[in-house]
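All ligand and atom numbering here is 1-based and tracks the order in the structure.
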Amino acid sequence: MGNIVRTDNLVHEYERRDEEGNSIGVTTAVDHVSLDVKEGTFIAILGHNGSGKSTLAKHINAILAPTDGTVWVDGLDTKQEENLWEVRQRAGMVFQNPDNQIIGQVVEEDVGFGPENMGVPTKEIWERVEESLKAVGMYEYRKHSPNKLSGGQKQRVSIAGVLAMHPKVIVLDEPTAMLDPGGRKEVIRAARGLNQVEGVTVILITHYMEEIVHADRVFVMDHGKVAMEGTPREIFSQVERLKELRLAVPQVTLLAHELKQAGIPLPDGILTRKELVEAITAVSRE
Ligand code: ADP
Ligand code: MG
């Protein structure tokens with residue numbers, strides 16, 4: 001399958017200004033990033049605060065235009081004015097704060113806004129609302145007021161709202177940052193469902209390493225650049241490098257790393273408790 005998102009030497013500079021509004025230089029938030037995202041995959045973008053993740057995300061939805069380099073979404077160059085509408089149809093965005101994204105008084109209405117604005121016929125809007133709410137496990141809440149939902153539920157409604165526009169790729173920019181552990185799990189499960197059941201390409205931006213375990217491919221950003229790229233296992237294998245990049249390595253991966261350093265022959269890149277238990281069991285049977 002083709003590349004749904006491609007960036008070639010993407011650079012984004014923000015102008016820095018003093019109190020009077022005079023330009024005092026630039027911040028290079030994205031610094032020559034070249035990446036390919038295959039259609040249908042689940043991609044994770046990791047990085048500490050200020051590493052350039054949100055700026056990169058905004059290019060995928062053509063909210064920002066490149067200072068230099070090129071971004072293609074489904075083959076469409078985001079620099080071309082005439083492509084903007086199409087790009088925004090094909091790439092949906094979910095942001096950090098669920099309260100800023102929900103505008104409807106009733107869940108099903110909220111999810112219907114996107115397709116309605118796109119001019120989708122009424123009958124089809126309701127079909128899309130139903131299928132989208134089912135996809136994120138929120139169908140039974142369709143008549144509820146969004147205000148009364150938990151953070152994880154609100155975020156799932158936001159995801160349904162984007163899904164109802166039938167995008168080819170959904171970018172979730174730290175969708176779990178404001179949620180409790182239960183809400184985080186719900187949202188990650190919904191994101192995986194979009195990918196596996198609905199076949200939508202998912203780009204999950206996060207600074208929680210445990211959320212990338214199921215990704216097909218991971219990009220780690222640092223100072224606007226792609227510092228690491230690989231499968232979750234390849235990434236988790238490089239504990240020292242991850243610490244340098246100021247990422248919180250999951251306890252289980254750290255423990256496995258320390259056991260290995262202490263001389264226990266475990267494989268690199270242990271991702272889950274189950275894997276650690278199995279690896280230790282295998283060693284103790286030898
Ligand atoms: P992340 O999402 O990884 O935290 P961002 O893309 O938000 O990173 O920010 C990358 C860099 O760009 C940071 O140094 C940040 O201060 C700067 N930046 C982000 N948005 C703006 C803006 N609107 N104006 C000026 N600088 C910005
Ligand atoms: Mg951000």
Salt bridge check: are Lys53 and Asp173 linked by an N-O gap of less than 4.0 Å?
no

Does the distance from a Lys or Arg side-chain N to an Asp or Glu carboxylate O, for Lys134 and Glu131, drop under 4.0 Å?
no

Sub-3.5 Å donor-acceptor pair from the side chain of Asp8 to the main-chain atoms of Thr70, do we have one?
no

Where the side chain of Asn195 meets the backbone of Thr41, is there a donor-acceptor pair that is under 3.5 Å apart?
yes

Quick note on ligand 1: atoms under 4.0 Å from a heavy atom of Asn49 include exactly 4 (O)

From the list Thr281, Leu271, Leu266, side chain to side chain contact (heavy atoms under 4.5 Å, CB included) with Leu276 holds only for Leu266

Taking distance alone, with N or O pairs closer than 3.5 Å, would you say Ser51 contacts ligand 1?
yes

Lys53 N/O under 3.5 Å from ligand 1 N/O:
yes

Can you find a protein heavy atom closer to atom 10 (C) of ligand 1 than 4.0 Å?
yes

When you measure from atom 16 (O) of ligand 1 to the protein, is at least one non-hydrogen atom found at a distance under 4.0 Å?
no

Heavy-atom nearest option to [atom], drawn from [options]:
atom                    : options                      : answer
atom 14 (O) of ligand 1 : Asp173, Thr27, Val26         : Thr27
atom 13 (C) of ligand 1 : Gly47, Ala29, Gly50          : Gly50
atom 6 (O) of ligand 1  : Ile205, Asp222, Thr55, Leu56 : Thr55

Shortest protein heavy-atom distance from [atom], along with the residue and atom involved:
atom                    : value
atom 8 (O) of ligand 1  : Gly52 N, 3.1 Å
atom 27 (C) of ligand 1 : Tyr14 CD1, 3.3 Å
atom 7 (O) of ligand 1  : Ser54 CB, 3.8 Å

Are any N, O or S atoms from Thr55 nearer to the Mg ion (ligand 2) than 2.8 Å?
no

Hey, does Met221 sit under 4.0 Å from ligand 1 if you only count heavy atoms?
no

